[in-house]
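Worksheet: one structure, shown below.
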There are 4 protein chains.
Amino acid sequence: MTLWRSRIPGESDPSAQALNSSLAVDRRLGPQDARASAAWARALTRAGVLTPPESDQIIAALGAIGTELETGVFGFQETDEDIHTAVERRLAELIGPLAGKLPTGRSRNDQVVTDFRLWVLDHLPALDAAIADLQTALLERAEADAAAALPGYTHLQRAQPILLSHWWLSHFWPLLRDRERLEQVQRRTGQLPLGSAALAGTAYPIDRDALAADLGFEAAVPNSLDAVSDRDFAVEFLFSLALTGVHLSRLSEAVVLFSSREFGFFEIADAFSTGSSQMPQKRNADIFELARGKAGATIGALAGLLATLKGLPSAYDRDLQEDKLPVFMAYDTLSLLLPALTGALRSLVVNRERMQAALEPDLFATDLADYLVRRGIPFRQAYEISARVVRLAGEQSVPISELTLADLKRLSPAFESDVQAVLDTSRSLAQRSARGGTAPEAVAEQLKEARRAWSHPARNAQGGKG
Amino acid sequence: MTLWRSRIPGESDPSAQALNSSLAVDRRLGPQDARASAAWARALTRAGVLTPPESDQIIAALGAIGTELETGVFGFQETDEDIHTAVERRLAELIGPLAGKLPTGRSRNDQVVTDFRLWVLDHLPALDAAIADLQTALLERAEADAAAALPGYTHLQRAQPILLSHWWLSHFWPLLRDRERLEQVQRRTGQLPLGSAALAGTAYPIDRDALAADLGFEAAVPNSLDAVSDRDFAVEFLFSLALTGVHLSRLSEAVVLFSSREFGFFEIADAFSTGSSQMPQKRNADIFELARGKAGATIGALAGLLATLKGLPSAYDRDLQEDKLPVFMAYDTLSLLLPALTGALRSLVVNRERMQAALEPDLFATDLADYLVRRGIPFRQAYEISARVVRLAGEQSVPISELTLADLKRLSPAFESDVQAVLDTSRSLAQRSARGGTAPEAVAEQLKEARRAWSHPARNAQGGKG
Amino acid sequence: MTLWRSRIPGESDPSAQALNSSLAVDRRLGPQDARASAAWARALTRAGVLTPPESDQIIAALGAIGTELETGVFGFQETDEDIHTAVERRLAELIGPLAGKLPTGRSRNDQVVTDFRLWVLDHLPALDAAIADLQTALLERAEADAAAALPGYTHLQRAQPILLSHWWLSHFWPLLRDRERLEQVQRRTGQLPLGSAALAGTAYPIDRDALAADLGFEAAVPNSLDAVSDRDFAVEFLFSLALTGVHLSRLSEAVVLFSSREFGFFEIADAFSTGSSQMPQKRNADIFELARGKAGATIGALAGLLATLKGLPSAYDRDLQEDKLPVFMAYDTLSLLLPALTGALRSLVVNRERMQAALEPDLFATDLADYLVRRGIPFRQAYEISARVVRLAGEQSVPISELTLADLKRLSPAFESDVQAVLDTSRSLAQRSARGGTAPEAVAEQLKEARRAWSHPARNAQGGKG
Amino acid sequence: MTLWRSRIPGESDPSAQALNSSLAVDRRLGPQDARASAAWARALTRAGVLTPPESDQIIAALGAIGTELETGVFGFQETDEDIHTAVERRLAELIGPLAGKLPTGRSRNDQVVTDFRLWVLDHLPALDAAIADLQTALLERAEADAAAALPGYTHLQRAQPILLSHWWLSHFWPLLRDRERLEQVQRRTGQLPLGSAALAGTAYPIDRDALAADLGFEAAVPNSLDAVSDRDFAVEFLFSLALTGVHLSRLSEAVVLFSSREFGFFEIADAFSTGSSQMPQKRNADIFELARGKAGATIGALAGLLATLKGLPSAYDRDLQEDKLPVFMAYDTLSLLLPALTGALRSLVVNRERMQAALEPDLFATDLADYLVRRGIPFRQAYEISARVVRLAGEQSVPISELTLADLKRLSPAFESDVQAVLDTSRSLAQRSARGGTAPEAVAEQLKEARRAWSHPARNAQGGKG
């Protein structure tokens with residue numbers, strides 16, 4: 001069934017029909033279409049277009065259709081051009097010609113974008129919850145692994161000792177920004193296009209603010225042309241999904257590295273490991289590789305949607321139909337990734353001995369420079385002395401902790417016997433006690449702040465410190 | 001000059017040096033580097049690392065360097081690896097070994113991202129102002145062109161009459177969303193990384209909250225690893241630029257169309273038109289074509305930065321250096337586009353006669369259906385009758401307004417002699433009086449709302465109606 | 001069923017299992033998997049690993065499985081991790097433990113990429129044929145519309161008269177480049193990875209060249225690590241699809257414009273037109289809008305796959321699994337678009353009167369300059385005189401053809417009474433007779449060249465002129 | 001100076017002028033513009049438009065201008081709108097009004113794309129040479145490191161022993177594909193647009209084939225509309241650059257990993273290493289990180305250019321101006337990366353001891369399964385036995401080589417005392433002797449094939465085996 005066949009005679013060419021049909025994608029909007037249609041029936045009733053009994057009959061039938069759609073028993077037909085046509089057809093089957101009154105003052109242009117916004121609003125909370133769950137796993141790990149220290153890396157080279165808790169928390173904050181952003185996307189999504197009709201506004205006395213309230217939107221979009229052509233909410237949502245995807249990819253890359261034989265810091269639990277079809281000894285971190293790999297597709301989906309929107313003149317062009325698939329795909333991807341990563345992190349085993357063993361004395365070279373700074377040497381000069389210490393140790397093939405005081409004094413008279421105390425993980429960590437640093441008490445403070453922020457990403461979004 | 005040559009002996013290979021140097025790009029951060037360094041000197045002083053006289057001397061010299069950088073007289077050297085190295089070298093030239101105390105407890109890792117955030121914060125207001133200017137031009141046009149009506153288009157086919165004011169305003173609201181988003185990006189950008197040192201936090205008792213306040217940041221980033229590896233602010237800013245670019249491309253496409261000989265609705269003023277090198281009669285809308293074309297590059301810049309970030313393990317990897325060029329390019333692009341578009345819109349001449357002529361009777365086909373709805377016919381049936389009216393007129397090669405009442409009555413007995421009144425632009429416009437519609441009073445209301453929102457995009461961002 | 005459960009005890013977590021399963025996507029490789037497996041069985045037999053009876057039994061069963069897969073009756077199970085596992089499971093159901101000999105010396109790593117290359121090789125010809133069909137439609141149009149002239153546009157402004165045939169052919173050549181490129185992609189795709197096992201090469205004496213020949217590949221990939229990690233063929237194929245998508249989008253944009261009421265050059269046949277759900281008078285070119293819009297997604301798919309591959313260390317990483325979906329999607333998109341566009345172009349009605357009417361005298365301004373050049377005036381000066389002619393006509397609100405000779409002579413004494421002859425479409429067209437120009441005989445020549453090239457895009461690819 | 005000011009009176013608005021100017025980007029086309037202009041003068045002379053003395057004077061002046069441009073002494077003026085205008089202005093300064101004859105029958109539309117194609121053709125060989133140099137370094141390494149073995153990795157887990165030579169060569173072949181592709185891009189780029197004028201073809205009797213030959217093109221583009229609007233060559237070149245960038249990123253990721261403390265396989269030479277500004281002990285592989293990071297921008301440049309082209313109607317739209325910057329940037333990026341990576345690979349130190357140490361017995365688990373296969377056990381069953389061996393060893397916390405024969409026999413009676421021989425690197429390598437495998441003689445053969453292919457990437461492109 002198409003809604004416009006009386007206008008253009010004859011049959012569509014099969015190739016045109018196959019291309020035109022969007023049902024394979026937009027059928028996911030079914031429940032939203034039924035819900036928005038019921039609200040529209042109420043709005044038409046308030047406007048005097050439908051009588052209350054008509055409205056009741058329509059709404060009851062839409063309720064039944066909604067149930068059919070949600071339970072998967074709705075009978076789609078090959079000829080249904082899209083979800084709106086399918087619902088309108090089914091409505092006519094159920095209640096006859098009265099169904100023909102529902103589209104009064106409404107168009108597929110405002111209908112589809114209303115359905116799509118509703119879909120986003122319906123699914124945002126689950127996504128936020130899945131991210132929040134992953135954050136919870138990170139917080140739990142930060143608490144459980146409080147005693148462990150490992151090398152922090154820059155350029156994938158061992159840099160300085162850090163607390164493992166600090167490292168876990170470094171993956172908490174990006175997700176908090178994601179949740180803040182989602183909340184803002186939610187606000188901008190919660191603007192109602194319905195009542196804009198095809199492009200110029202509805203010709204019936206619809207109270208769009210009441211309609212917005214009925215459907216749980218914050219307000220009505222203030223311009224009917226913008227209402228039917230704007231897809232910013234979809235792009236923003238997709239951007240947010242893509243950036244979360246990038247965050248997961250960065251965490252995943254680190255877990256893949258740390259689970260390698262060479263690092264040996266993490267062991268992924270059996271329930272989250274994968275084997276090889278040919279190499280019996282393999283234990284792979286496929287889940288994390290998939291998270292890393294799938295971030296590519298979400299970036300592509302974003303670039304693709306932006307390219308589709310670029311250069312479209314308002315108001316509605318059919319190109320806009322291509323808005324849904326990238327959003328659905330990116331949403332589905334994250335919905336699959338987040339619980340798997342959360343479970344995998346929760347069950348991951350930390351190998352503290354391997355971490356400890358990696359904390360070699362060279363990691364204290366900055367502490368050595370700082371030691372000299374405390375003896376009055378400008379940092380840049382202290383850095384150079386410390387660099388010479390590292391080179392000397394290298395020439396002797398020993399760690400810097402095994403150089404003699406005499407060796408050190410040849411490089412700078414400022415070295416004293418207390419220098420050995422500097423080459424110590426606990427001491428090094430403790431030095432970094434400024435807010436945000438890796439010192440145990442700073443990390444404990446940070447953990448508290450993270451717990452507070454977790455409950456109120458929005459407050460954070462407004463710039464407070466939680 | 002490099003800051004680490006004492007560590008690794010010998011000279012860099014020229015090819016490595018050429019690749020390593022980031023000065024061509026990051027020199028733009030010069031003023032921010034000098035400013036952040038001065039704040040760092042004050043923080044070191046508060047922490048007791050520098051004496052007040054040392055601090056004064058350093059800050060005075062940094063002030064001079066900042067001036068050199070801003071006025072373009074700073075003497076960069078080929079061997080300066082990056083802007084930080086250049087500033088540190090210059091400082092040493094001015095004040096000698098004391099310069100070596102400034103990098104105490106700081107690293108290029110936290111320094112560069114602080115500079116970059118400062119740069120974004122410094123430039124956001126100008127961008128917001130340029131967008132707001134374009135919005136003002138749209139508001140002015142909406143007011144000046146209040147009397148004009150033209151066809152609204154969907155699928156690039158004439159659809160229904162709309163007010164030109166309404167059309168101008170449809171391009172105002174997307175820009176308002178852009179400004180809301182920029183304000184939120186500003187908040188998330190205003191988190192200070194400085195004091196995170198290389199990755200683990202500074203080993204000196206720096207009050208990072210005071211430092212944040214000194215530099216105009218809202219707060220300090222709560223995790224030092226995240227602080228040096230996070231580039232979300234840059235990606236978000238870039239996304240916002242890209243989406244604004246898409247908005248400008250859509251407006252521009254419409255202006256290009258409307259300025260064509262075929263549409264003839266707009267004439268671009270001489271000062272904003274371009275000619276051809278071979279065809280003397282040409283008047284081109286190059287400015288708008290450039291806006292449309294350049295949106296592609298900003299989309300690409302966004303996709304590219306996301307691809308660069310994907311899969312990077314924390315904390316700092318050198319890949320992160322590639323964050324600045326895409327942001328600078330997208331910012332420069334919009335800074336060039338916005339004033340040109342603003343000027344071009346302000347001076348554009350509207351041809352009301354051509355618009356009027358385009359308002360052919362077929363555009364009232366929906367009004368005809370609505371006429372039948374008011375006579376009790378369900379919309380879907382009314383639509384079909386109206387479609388048959390259009391086909392009949394097509395067969396007779398006349399506009400629907402020239403069909404006789406007898407003709408109409410053959411299609412539906414519901415037609416009466418008052419049907420002619422329906423085929424009228426003013427009446428059609430006036431019907432669409434619900435909030436957001438194209439009726440003159442609804443547009444007047446919308447214009448007021450737009451003016452209020454213009455001053456407070458933020459309030460809008462928080463969901464209010466202005 | 002998983003192939004590695006004996007290695008890692010216990011059950012996979014459901015979230016991990018859901019993420020790990022690639023069957024929803026890679027089931028499309030089923031027929032290829034069965035075919036490649038049969039070839040592998042033959043190779044193992046030649047290598048003495050399987051006896052001929054064993055091989056026969058395996059190959060027969062794989063044939064049956066292939067039929068099940070192609071006819072859609074294959075019974076997938078929820079626990080099948082991927083298509084390879086499903087086929088191996090089914091094989092064991094059919095022939096028992098003997099099935100366990102098939103994976104000898106083979107891994108999913110070389111298997112999946114062999115299947116995928118086979119899939120591309122299987123589907124390339126249909127794609128080439130669909131593009132060639134569209135080219136044929138363009139050639140037919142070029143022939144049928146030989147008598148029509150219309151304005152050529154630059155910057156969407158009328159520029160110079162051109163033949164409609166010439167315009168149709170301008171969309172033929174990009175598609176020829178696409179077919180050339182596809183042929184080259186086919187060559188690079190036809191390199192066999194099988195026999196590379198997991199990464200290091202098979203440990204059995206497989207004759208990989210014979211295996212390549214058996215499966216219709218040109219050669220065996222010369223390095224086993226590259227064989228399992230290389231996805232260049234997929235990216236290249238995707239790039240080719242994306243560029244074809246861009247070509248279709250450009251053609252489509254032009255058709256949308258030309259079908260608008262304002263241009264009025266084309267009318268899309270009923271069987272390829274679409275109506276509106278609310279506006280009974282609408283006839284939309286949705287098919288072409290969809291072609292334009294869907295180009296965005298294919299660009300995004302390409303960017304996404306490149307982002308996925310970026311930074312992957314060899315040999316096989318699970319991220320590589322994400323190679324198939326973007327290729328399938330882009331292929332499906334073009335497979336849907338091409339026949340619809342072909343049909344729509346074939347049935348499109350050209351309105352020569354509207355084209356003729358658009359050929360206003362200003363379009364001969366370049367011819368006027370050329371007239372002066374033939375009278376010895378340097379082109380740049382002739383251009384300026386012609387530009388002044390255009391301005392004078394504009395001031396008088398007449399076309400340049402209605403200026404008097406006296407008017408013209410005031411601007412340049414070189415004008416004579418024969419100047420009127422210049423302002424003529426046929427003459428203007430005929431002037432452009434150099435190869436590639438719009439003169440009728442040049443276009444006739446071009447059409448011949450196009451027909452020759454159509455049959456041999458490859459020869460063209462090697463630089464010949466057909 | 002603009003070329004069209006006589007058409008449109010008054011001054012351009014400064015904002016429009018700033019936006020319109022493309023000189024900052026297209027000045028790089030200066031030498032090509034001078035060269036193509038001289039060829040055009042010769043073509044005009046052959047066509048009888050210029051006299052030989054006129055032609056000589058113009059060509060001599062263009063020669064001088066070309067020299068000015070190449071040596072950097074050309075005096076650009078702020079008012080030069082683009083490179084073509086600048087060259088035309090300079091020509092007029094040198095030879096007066098005669099300069100005005102050069103643009104006869106030519107437009108900036110065909111001129112700019114001819115210049116750009118020339119630029120690509122001029123720069124392709126250097127790029128090919130730089131890639132070939134990197135290949136040479138890989139071949140040298142493959143030869144020099146022939147004796148070294150290391151674990152091959154899949155999923156970043158140790159998988160099976162491979163030869164280091166084999167690994168180096170796995171990075172050779174992708175670059176060969178890049179060079180093949182470049183050669184094909186070169187062919188498609190070598191089609192001459194000049195003589196197409198603005199869009200409809202030149203109105204003068206130009207022999208375009210002779211002109212093509214004069215400029216070193218293979219042929220003339222057969223359609224003037226396509227000639228001025230086609231940018232496929234630029235997109236293809238950019239795609240090729242982006243894919244090479246991805247190849248470099250994959251190699252680089254591996255080098256970063258292998259140079260980490262944890263792997264310890266590679267040490268980057270001092271001349272290619274970078275230090276830290278705060279951590280004196282650091283040695284970083286910045287060069288490889290930059291290669292990895294910069295691949296993102298080239299992917300973005302490609303996506304951006306495709307987005308710019310999408311939906312552009314032919315023939316010339318100003319959006320097309322945005323074609324050059326992404327190509328220049330990607331080219332410059334690779335021109336910077338390739339020599340640095342080549343030098344770094346050449347001077348890199350391999351630590352064979354660390355490689356050797358990483359070849360732990362578990363890597364022979366597949367060999368163990370193959371051992372059982374040779375004793376008649378189907379592979380899938382042999383895999384399971386081998387997996388149980390690995391688990392048993394894990395439970396006993398010993399490598400599989402330290403399990404007793406009794407232990408093994410409990411898992412399968414097929415194990416005999418000769419099983420120990422299987423757990424050996426040389427034996428494992430030697431087993432993989434099929435074409436493309438890691439066995440020493442197969443790698444030696446591969447190396448020969450690589451050397452042959454290096455000299456003739458084209459022959460390879462045509463499907464031969466070199």
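For clarity, every value in this text was computed on a predicted model and none was experimentally measured.
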Selection from [options] maximising heavy-atom pairs under 4.5 Å formed with chain B:
| options | result |
| --- | --- |
| D:Thr342, D:Asp286, D:Leu338, D:Asp317 | D:Asp286 |
| D:Ala295, D:Ser277, D:Pro326 | D:Ser277 |
| D:Ile287, D:Thr333, D:Ile299 | D:Ile287 |
| D:Met279, D:His84, D:Arg318, D:Glu253 | D:Arg318 |
| D:Ala340, D:Ala344, D:Pro14, D:Pro339 | D:Ala340 |
| D:Ala271, D:Gly311, D:Ala16 | D:Ala271 |

Distance only, no hydrogens: is a donor on one side chain within 3.5 Å (strictly under) of an acceptor on the other, for [X] and [Y]?
| X | Y | value |
| --- | --- | --- |
| B:Arg283 | B:Ser273 | yes |
| B:Asn284 | B:Glu289 | no |
| D:Ser37 | D:Arg106 | yes |
| D:Asp133 | D:Thr136 | no |
| B:Thr85 | B:Asp82 | yes |

Side chain from CB out, backbone as N, CA, C, O: work out which of these in [X] comes under 4.5 Å of a heavy atom of chain D, or both, or neither.
| X | result |
| --- | --- |
| B:Ile268 | neither |
| B:Leu306 | neither |
| B:Gln111 | neither |
| B:Ser276 | backbone |
| B:Leu312 | side chain |
| B:Gln321 | side chain |
| B:Ala297 | backbone |

Which answer fits [X], side chain, backbone, both or neither, if we ask what part of it has an atom under 4.5 Å from a heavy atom of chain B?
| X | value |
| --- | --- |
| D:Lys310 | neither |
| D:Leu309 | neither |
| D:Pro280 | backbone |

Before giving the answer on side-chain contact (heavy atoms from CB on, under 4.5 Å), spell out for B:Leu305 and B:Glu322 the whole-Å C-alpha distance, their side-chain angles and the decisive distance to 0.1 Å. CA-CA 7 Å; B:Leu305 182 52; B:Glu322 303 304 309; 5.7 Å; no

B:Ser260 side chain vs B:Phe263 backbone, donor-acceptor pair below 3.5 Å: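 Such a contact is found between B:Ser260 side chain and B:Phe263 backbone.
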
Let's test your reading of the structure: which of B:Ala303, B:Pro103, B:Ser107 forms the most heavy-atom pairs below 4.5 Å with chain D?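 With the most close heavy-atom pairs to chain D, the winner is B:Ser107.
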
Under 4.5 Å, counting heavy-atom pairs only, tell me which of B:Ala307, B:Ala18, B:Gly343 racks up the most with chain D.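 Option with the top pair count is B:Ala18.
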
Can you find a pair of side-chain heavy atoms, one from B:Glu81 and one from B:Arg108, that are under 4.5 Å apart?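 Contact flag for B:Glu81/B:Arg108 side chains = yes.
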
Say you draw a straight line from OH of B:Tyr204 to OG1 of B:Thr104; how long is it, rounded to the nearest 0.5 Å?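 The distance works out to 5.5 Å.
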
Can you tell me how far apart CD1 (D:Ile206) and CG (D:Leu194) are? Round to the nearest 0.5 Å.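 The CG atom of D:Leu194 is 8.0 Å from CD1 of D:Ile206, to the nearest 0.5 Å.
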
Begin from the C-alpha positions of B:Thr308 and D:Lys294 and carry the test side-chain contact (heavy atoms from CB on, under 4.5 Å) through to its verdict. CA-CA 7 Å; B:Thr308 292; D:Lys294 284 175 186 289; over 6 Å; no

